[in-house]
Amino acid sequence: QVQVVESGGGLVQPGGSLRLSCAASGSILSFYAMAWYRQTPGKQRELVARITNGRRTNYADSVKGRFTISRDNAKNTVYLQMNSLKPEDTAVYYCNADVLTVVARGDYWGQGTQVTVSS
C-alpha cells in the first residue's frame, strides 16, 4: 500500500556533511508527519527528527543545531541535512511516514540507509 525509500547514506569524515532523502508513495490519503530515526546494534531505535504536515519540527538533543529536517510536499519527500557529523552519528537511518490509508492511520518504514562517520 505504501512504499518508503531512503537514499543518500554513505561514508563521511568527522565534521563533514550528508543529506538523506526519503520518498513516500502508494495509496496515501493524507500525511500526518514524516520522521527520521536511527539505530545501532544493541541500542533502541531513537527519533532523530520529525516534521508534521504543518511544518512543525522537533529534534533529538544530540543533533539539535546540526541536523535540519525539511519536506517537499509536492514530491512526498522528506530530507535530513546533516552537518558537523560526529562518529557517534554512525547508525542505520530509517525514514518513517505517518499516514492515513484506506485501511487506517499507520506508520510505514523504509529499508534504512547506513551512515558511517569515520576518519
Side-chain angles (χ1 to χ4, degrees):
Q1 295 180 2
V2 177
Q3 297 80 46
V4 180
V5 180
E6 304 104 327
S7 62
L11 176 65
V12 64
Q13 293 183 337
S17 298
L18 209 59
R19 191 190 192 199
L20 306 183
S21 299
C22 172
S25 62
S27 301
I28 299 170
L29 301 180
S30 63
F31 282 84
Y32 292 95
M34 297 185 74
W36 288 97
Y37 291 75
R38 66 186 181 187
Q39 188 169 22
T40 57
K43 191 175 182 179
Q44 185 178 1
R45 183 168 53 198
E46 65 173 343
L47 175 67
V48 177
R50 183 175 184 265
I51 184 168
T52 71
N53 59 0
R55 293 294 200 276
R56 292 188 179 189
T57 61
N58 54 46
Y59 299 89
D61 288 340
S62 60
V63 307
K64 193 172 297 183
R66 299 188 296 121
F67 291 9
T68 302
I69 188 170
S70 61
R71 287 185 63 185
D72 184 339
N73 288 348
K75 299 180 179 179
N76 293 332
T77 300
V78 64
Y79 305 94
L80 185 67
Q81 179 66 45
M82 304 184 293
N83 298 326
S84 302
L85 283 162
K86 305 174 181 179
E88 50 263 44
D89 294 319
T90 296
V92 177
Y93 284 70
Y94 296 92
C95 180
N96 175 265
D98 180 6
V99 303
L100 177 67
T101 70
V102 172
V103 177
R105 179 179 179 178
D107 295 304
Y108 293 86
W109 295 90
Q111 79 287 352
T113 184
Q114 177 71 47
V115 173
T116 302
V117 184
S118 177
S119 60

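For the numbers below, each heavy atom of this structure counts, side chains included, while hydrogens, waters and symmetry mates do not.
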Exercise. Kindly give the heavy-atom pair with the smallest separation between Ala49 and Tyr59, and that separation in Å.
Key: CB-CD2, 3.6 Å
Exercise. Indicate the atoms forming the closest heavy-atom contact of Met34 with Ile69, along with that distance.
Key: O-CD1, 4.0 Å
Quiz prompt | Flag, side chain of Glu6 to backbone of Gln111, donor-acceptor distance under 3.5 Å | solution = yes
Self-check item: Cluster link Tyr37 to Val99, ILVMFWY, side chain under 4.5 Å
Solution: no
Quiz item: Going from OG1 on Thr68 to CE on Met82, what distance comes out if it is rounded to the nearest 0.5 angstrom?
Solution: 11.0 Å
Quiz prompt | Co-membership, hydrophobic cluster, residues Leu80 and Val92, 4.5 Å side-chain | solution = no
Practice problem: For residues Trp36 and Cys22, report the shortest heavy-atom separation together with the two atoms involved. | Solution: CZ2-CB, 3.6 Å
Quiz item: Closest heavy-atom contact between Ala60 and Leu47?
Solution: CB-O, 3.4 Å
Quiz item: Quick one: which of Asp98, Asn96, Thr101 gives a side chain to side chain contact (heavy atoms under 4.5 Å, CB included) with Tyr108?
Solution: Thr101
Quiz item: How close do Gly112 and Tyr94 get, heavy atom to heavy atom, and via which atoms?
Solution: CA-CD2, 3.6 Å
Self-check item: Crowding at CZ, Arg56 (>12 non-hydrogen neighbours, <6.0 Å)
Solution: no
Quiz item: Which pair of heavy atoms, one from Thr90 and one from Thr40, lies closest together, and at what distance?
Solution: O-CG2, 3.1 Å
Quiz item: How are the rings of Tyr93 and Phe67 set to each other: parallel, tilted or perpendicular (split at 30° and 60°)?
Solution: tilted
Quiz item: Should the heavy atoms of other residues, nucleotides or ligands under 6.0 Å from CD of Gln3 be counted, would the total exceed 12?
Solution: yes
Practice problem: Measure the OG1-CZ distance between Thr52 and Arg71 for me, rounded to the nearest 0.5 Å. | Solution: 8.0 Å
Self-check item: Side-chain donor or acceptor of Gln39 paired with backbone N/O of Ala91 under 3.5 Å
Solution: no
Quiz prompt | Test log, rule salt bridge (Lys or Arg N to Asp or Glu O under 4.0 Å), inputs Asp89 and Lys86 | solution = CA-CA 5 Å; Asp89 294 319; Lys86 305 174 181 179; over 6 Å; no
Self-check item: Interatomic spacing from CZ in Arg38 to CD in Glu88 - rounded to 0.5 Å
Solution: 8.0 Å
Quiz item: Are Val103 and Leu29 in one and the same hydrophobic cluster, where Ile, Leu, Val, Met, Phe, Trp and Tyr link if side-chain heavy atoms are under 4.5 Å apart?
Solution: no
Practice problem: Could you point out which residue of Thr113, Leu85, Thr116 forms a side chain to side chain contact (heavy atoms under 4.5 Å, CB included) with Leu18? | Solution: Leu85
Quiz item: Between atom OG1 of Thr77 and atom OH of Tyr79, what is the distance when rounded to the nearest 0.5 Å?
Solution: 4.5 Å
Self-check item: Single-linkage hydrophobic cluster, 4.5 Å side-chain cutoff, Ile51 and Val2 together
Solution: yes
Quiz item: Hey, is CD on Gln44 packed in by over 12 heavy atoms from elsewhere, all under 6.0 Å?
Solution: no
Exercise. Any chance you could measure Leu11, atom CG, to Ser119, atom OG, to the nearest 0.5 Å?
Key: 9.5 Å
